[in-house]
Structures are given as structure tokens and as C-alpha cells.
Amino acid sequence: MSETHEQLMEKIVALSKRRGFIFQSSEIYGGINGFWDYGPLGVELKRNIKDVWWHDMVRRRNDMVGLDSAIIMNPKVWEASGHVVSFNDPLVDCTGCRARYRADQIFTVVAAEADNELLAAGVEANDEQHAREQATAAANSKTRRRIKQRGDDLSWAVFRADQGGDGRPALCPNCNAELTAARKFNMMFKTFVGAMEDSSAVAYLRPETAQGIFANYKNVLDTSRMRLPFGIAQIGKSFRNEINPRNYIFRSREFEQMEIEFFCHASGADQWYRYWRDARFQWYVDLGLTSSKLRLRDHDQDELAHYAASCADVEYEFPFGVSELEGVANRTDYDLSRHQEFSGRDMSYYDDQTKERFIPYVIEPSGGVDRAALAFLCEAYTEDQAPDEHGNPQPRTVMKFHPRLAPIKLAVFPLVKREGMPELAQRIYDEATGSGLSAFYDEKGAVGRRYRRQDEAGTPFCATVDGQSLEDNTVTVRDRDTLEQIRLPADEVVSWVAERIR
RNA sequence: GCGGGCGUAGCUCAGUGGUAGAGCGUCACGUUGCCAACGUGAAUGUCGUGAGUUCGAAUCUCAUCGCCCGCUCCA
């Protein structure tokens, strides 16, 4: 990350605090790593993101229904989902060069003839065969020749760093020093349900909202009269005990997800996968992430999780690097099959048309609300020039949020604080808030300063009551991005703004 | 978790052992008639937290918490 990118990120963080978008959690007690609070402007931004998503993905569609499932579920859910066993990363540290690795990706290869050890090396590899080849290739020429000569007479030992080699320590791929024993971190937060804090009372804070959808799939099917293909959508908090939260609100231990599980027949899964991948990408574009900073990246085959047939990431180029906003995956029938197996409940679907019974495939678009909020903050942050009272250009900081996402839609000012201007401005403000518009009234100080304050909050429109207003009942409306002003009848301002934030 | 950098007013930062500072912001009054830094005045800090050294610590030592960068990780 270059110096200027760091500085840009720092400016965005500073503005977010200064204007009340985002605060560190428990700041008065020194904070707590990986947790964040949203201030008055931040909560409006975040709520707008969720509202727009819910509107676009659920209410506007006839093939989607919503759900709000509990954060704490029966722990068996997480056994079925695989999180209890595999939602962890066994890690090892090098005692020599202090590097850290995922233990399941590190192999130690030992080749010996009788008691004479020819080769003992650590390598990064996907399986034993590759590990052996890589270790051999990395050895010096004399050793390579010896290995080739001796061939089958050699005894080989290849073991993974998290599985141990009969008491023999694993070796570092970088410096060949000994690695520490593997330590496991399950990333699920544990808690206890009820009065007894024993193993039978252990429960987990959900690491994803998706399982609440799968667990309710039958309930929804039986009660909503939905038929395939259809989706269930949910927005909610999830928790992951990240080893190392980083990059502001990007990787937090408590975060919010917007997830869809879209159920369909296996034969249509690939088509629906491509549909949702493109639709979700376009959603971000439509909300203002139009720059070249937004990408859609298909995963390579070897990058896929074991349950996924295909997967794509919507990525955004943050100041700290390109990172994932949302993942869209074809999860096949893996999840429902697992729940059928673990719960003993039938998860199949009967199609009256084709007389076919099957377990549906699932397409999962899974987005992070906080990551989206951060992307919109980064995208909105703009420094440009605006003229001062003498017409000389001055630097200006403005948050160019899409009007649908802007925390405040309309600010209302009296040009000066007298001659009845505050009264008319107040009436317009009351009408705005009364009709559900997020609005702000300000009569203090010079009007130019009030405009600039709203620029930092990202308010798209400012209405100003002036002397002429008192004669013909019109006001000026100023555009945040162009600074242009138009004159509108005072009683049309609210509907004019409402029109532009749909 | 390892290594490096950092933590002083709401924000950005100065202050290397002797009374806690600046700019911006905020608030009040005045001025102001459409785009920040006009005038006058005001508030704001256990110098991240806790211990230690010292006659005396923002400053030195240790611990701890948090932030940033790299490694690592990322369902």
C-alpha cells in the first residue's frame, strides 16, 4: 500500500469519526479489537443499505421471501454445516524465521537410505505427492542425483504439519527450522445456554446467517406456498472470532450479513448461479460503485470449497487493497443433504409438474453489510474545488453517496436568521420529516459553511429560504455534486426530493 | 500470534524530566443576503490504562489495552 493510499484511508477514518459515521466500540474503556459502533450518520447509511437490499431483493420480487432467524441455534446445526470441525485454521509458527503458516498446507518430507538421512525439508504443497516432488526439486544437485540413483531403496516419510510425524517436528518451508505444534482456532464464539456452564450447555453465536435459512427451509416451503425456483433472504448479525481483525470495519468479529439462499433444480443451477452473480454485481453498480474499482472475479476450480460447484466474488479496490464485498456460490445440494442426514428430516422437494422428488440445489449470494458500507464510504469520499465568497476555488471534502444511500436527504436553511426565513424553513423541514424523509435543519453561521458541513455528511440536496421566498414562496435547492441551484415552490421541495431518492 | 511504527482537546498534530499547547472544529453574541477559514468571547484534557524510577513523569522503565503497516489469515 502506497503512502497516499494509507493517507486516504486515514482521512476516511477521520471523517467517519468526526462526522459521526463510525466509532470504535467501548472507546471510553480503551476500545476492543474487532468491534465497531455506527454513529448517527453511520446508522442511517447502514440502514439505507439494508433497506435498499431488502426492497430490491425481497419486496420487489415475487420469487423471494424473507426470514429472521435466531443468532443462537441448536449446536447440531453447526455440526451438520461443518463449522464445528472445519471452521478453524490449524496454525504453526516457525521457531527460526518466525513465519506463520496454515498447518494443513505445510508438509515435511524426509528421505533416507537405511540410517542415513538424505533429505529433510519443509514445503508448502497441496498433497503428499506434490510435497515429495517439490522437496526433491528444491534439494541440491548432489542429493537429487543420489535420490534418483537409489530410487525404490529409499524410505520416504511425508507428513502434514498438523498431523505430526511420529514425534518428529515439522520443518519450515522458508528456513527449514522447526515449527511449533499446530494450534487450532475455532472461529465460532462459544457461550452457554441456561444456568449450567458445562459441555451440554455449549452453544455458538452463528458465524453465518445461511444456516438459519437452511434449517427453516421446510417451514418456509410448507407455509409460504412458494414453489421452486424461489429464494429466502435474511439480514442479520454474525460473529467470527477472527485471529486478526484488520482494515477498519472490513474484517470485524461482529458483522452483519445480507444473504440469499436461492433454491432450484440441479438442471437450472448453473443458469441461476450466473443470473445471481451478474445481478448482485449490477446492484453495487446501480448504487454508485461505478468506477473501475469494482470487479467480478470467478474462482478458479482449485480455489473452490469442497461443497461449491462454482463461486464468484464481487470485489472492490479499497485503499488497503482489493477485497471481497460479496460471494456468490453454487453450493449444490450439499447443505440440505447434510441437514437431512444430521436431523433425520426429509429435505426433498416434490415437483408436481415433472413428478420428480429431489433435494434442491442452492445458489447463495452472501454479502457483508459493513463491507458494503465501507465500500460506499470509500467510493463517496471526494476532494474537489468549490468557489469561496470571492469566487476563488477552495478545497472541499464531499461524500458523494448515491441519494438512496445518503444518511440525510435534505437540509433546510434560512439564508439569514430573521425576517420570517427561519419560520418558512422550519415548515419545509417539518413537512420533510413528517413524510418520512431524513432531513436536517440549520440556521447557524454563514450559509456557505452550512453547505460545506452537509457536503461532508453527503447530503444530496440543500433547500435555502431567502428574501424572495417571502414574496413568491419559492426556495433555492442546491445540488451537492454540481453546486447548481434551481428555484422551486416551497411546497414542492419535499416531493421533488422524494422523487430523486427512489 | 510474530516483527516494526504509533497513542497528548471532537479532528490533525507540536511539546525529550520542572505550571498542558497550536491550527481546525464546536458553542455564544455580533456581523453576514447563496458556498469553509469575518470580529469578540467561551468550553474542552486524570497526555490510552496501570505500576515503577524520581523531590518532580506527557517525557525514563515495565506491563497492559487499542490503532496502523508487514507476515499470517479470510466460508
Side-chain angles (χ1 to χ4, degrees), chain A residues 1-3 5-7 9-11 13-20 23-35 81-83 86-95 97-102 105 174 180 183 185 187-188 207-208 210-211 238 240 242-248 250-251 257 259 304-308 311 313 320 323-324 327 329 331 335 364 366 368 371 385-397 413-419 421 444-456 462 464-469 475-478 480 483-485:
Chain A
M1 185 155 71
S2 77
E3 193 65 21
H5 285 165
E6 271 178 50
Q7 288 166 352
M9 198 60 215
E10 278 166 17
K11 284 187 201 169
V13 171
L15 182 141
S16 294
K17 166 139 199 215
R18 184 170 73 241
R19 289 276 104 119
F23 308 121
Q24 193 183 10
S25 168
S26 332
E27 192 190 63
I28 61 171
Y29 290 103
I32 177 166
N33 197 355
F35 299 89
S81 69
H83 286 83
S86 70
F87 196 55
N88 55 36
D89 301 303
L91 298 180
V92 287
D93 292 309
C94 175
T95 55
C97 68
R98 305 234 169 257
R100 163 169 290 189
Y101 306 96
R102 268 182 63 169
Q105 293 173 349
N174 180 39
T180 60
R183 286 165 299 165
F185 299 97
M187 290 167 84
M188 282 195 293
E208 62 176 28
Q211 298 304 325
S238 291
R240 288 180 198 170
E242 298 286 353
I243 296 163
N244 194 356
R246 205 44 89 77
N247 291 331
Y248 200 33
F250 183 82
R251 181 174 300 118
Q257 291 183 298
E259 290 197 300
L304 297 173
H306 61 279
Y307 51 74
C311 186
D313 285 344
F320 49 79
S323 289
E324 176 188 349
R331 296 178 65 106
D335 300 280
E364 177 191 82
S366 171
R371 290 180 175 191
Q385 305 273 315
D388 63 13
E389 57 186 324
H390 308 295
N392 302 318
Q394 300 289 348
R396 175 178 80 132
T397 303
F413 310 143
L415 187 57
V416 288
K417 199 172 23 171
R418 57 167 189 263
E419 294 167 21
M421 294 181 206
K444 292 177 188 139
V447 72
R449 185 185 293 269
R450 286 178 261 160
Y451 283 139
R452 296 302 171 87
R453 261 197 291 256
Q454 293 306 314
D455 287 339
E456 282 205 343
C462 296
T464 301
V465 174
D466 58 16
Q468 187 183 332
S469 308
V475 299
T476 63
V477 175
R478 175 254 201 193
R480 176 194 66 199
L483 306 184
E484 281 168 9
Q485 288 178 295

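Since we're looking at a predicted model, the values are computed, not measured. Residue numbers start from 1 in every chain, and the chains themselves are labelled A, B, ... in the order their sequence lines are given, proteins ahead of strands.
In this structure Ala329(A) satisfies the side-chain contact (heavy atoms from CB on, under 4.5 Å) test together with Cys311(A), Arg331(A), sequence neighbours excluded. Applying the side-chain contact (heavy atoms from CB on, under 4.5 Å) test to Ser366(A) and every residue at least two apart in sequence or in another chain returns Gln257(A), Glu259(A), Glu364(A). Listed by chain and number, the residues in a side-chain contact (heavy atoms from CB on, under 4.5 Å) with Ser25(A) are Ile32(A), Phe35(A), Asp37(A) (sequence neighbours excluded). Annotation: ring pair (Phe, Tyr, Trp, His ring centres under 6.0 Å) contacts of Tyr248(A) (sequence neighbours excluded): Trp36(A).
Rounded to whole angstrom, the span from the CE atom of Met187(A) across to the P atom of rA75(B) amounts to 8 Å. If you take CD1 of Ile32(A) and C1' of rG48(B), they are 15 Å apart, rounded to a whole angstrom. We find that CZ of Phe250(A) is positioned 17 Å from C1' of rC69(B), with the value rounded to whole Å. As a whole-Å value, the separation of Glu456(A) CD from rG25(B) C1' is 10 Å. Across the protein-nucleic acid pair, Asp313(A) atom CG and rA75(B) atom P stand 9 Å apart, rounded to whole Å. A straight line from NZ of Lys11(A) to C1' of rC68(B) spans 17 Å, rounded to a whole angstrom. For Phe320(A) and rG70(B), the CZ to P distance is 11 Å, given to the nearest whole Å. Summarising the geometry, the separation between CD on Glu242(A) and C1' on rG66(B) is reported as 18 Å, rounded to the nearest angstrom.
Rounded to whole Å, the C1' atom of rA63(B) lies 23 Å from the corresponding atom of rG56(B). Taking atom P in both rG4(B) and rU61(B), the straight-line distance is 15 Å, to the nearest Å. Of the C1' atoms belonging to rU31(B) and rA37(B), the separation is 16 Å, rounded to the nearest Å. For the C1' atom pair drawn from rA58(B) and rA14(B), the interatomic distance equals 12 Å after rounding to whole Å. Between the P atoms of rU12(B) and rG48(B), the separation comes to 14 Å (whole Å). One C1' atom belongs to rG5(B), the other to rU44(B), and the distance between them is 29 Å to the nearest Å. rC62(B) and rC24(B) have their P atoms separated by 39 Å, with the value rounded to a whole Å. Here the separation of rU54(B) from rU16(B), taken at their P atoms, is 24 Å to the nearest Å.
Nucleotide rA58(B) forms a pair with no other nucleotide shown, judged by Watson-Crick or G-U wobble geometry with both contacts under 3.5 Å. Judged by Watson-Crick or G-U wobble contacts below 3.5 Å, the nucleotide rA63(B) has rU49(B) as its partner. When both pairing distances are held under 3.5 Å, rG3(B) makes a Watson-Crick or G-U pair with rC69(B). Base pairing annotation: rG39(B) forms a Watson-Crick or G-U wobble pair with rC29(B), both donor-acceptor distances under 3.5 Å. Applying the Watson-Crick and G-U wobble criteria (two distances, each under 3.5 Å), rG10(B) pairs with rC24(B).
In this structure the side chain of Met421(A) never reaches within 4.5 angstrom of the side chain of Thr464(A), judged on heavy atoms.
Going from atom NE2 of His83(A) over to atom CD of Gln211(A) covers 6.0 Å, rounded to the nearest 0.5 Å. In this structure, OG on Ser323(A) lies 7.5 Å from CZ on Arg251(A), to the nearest 0.5 angstrom.
Using modelled atom types, one side-chain atom of Arg371(A) and one backbone atom of Phe250(A) make a donor-acceptor pair closer than 3.5 Å. Remark: side-chain polar atoms of Arg449(A) are not paired, donor with acceptor, to backbone N or O of Lys444(A) under 3.5 angstrom.
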Response to the item:
Per-nucleotide protein contact along nucleotides 27-42 of chain B, 5' to 3', at a 4.0 Å heavy-atom cut-off (B base, S sugar-phosphate only, - neither), is -S---BBBBBB-----
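Between Thr476(A) and Gln485(A), the closest heavy-atom pair is OG1-NE2, 3.5 Å. Here the shortest heavy-atom pairing between Ala386(A) and Leu483(A) reads CB-CD1, 3.8 Å.
For the pair Gln257(A) and Tyr248(A), nearest-nucleotide mapping onto RNA chain B gives the more 5' position to Tyr248(A).
At the phosphate of rC65(B), neither OP1 nor OP2 sits under 4.0 Å from any side-chain N or O atom of Asn33(A). A sub-4.0 Å separation between OP1 or OP2 of rC68(B) and a side-chain N or O of Asn247(A) is absent.
Within the 4.0 angstrom heavy-atom criterion, no nucleotide atom of any strand lies near Gly368(A).
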Can you tabulate the close N/O pairs, meaning under 3.5 Å, that link protein atoms to atoms of nucleotides 5-11 of chain B?
unit_1	atom_1	unit_2	atom_2	d
rC11(B)	OP1	Lys17(A)	NZ	2.6

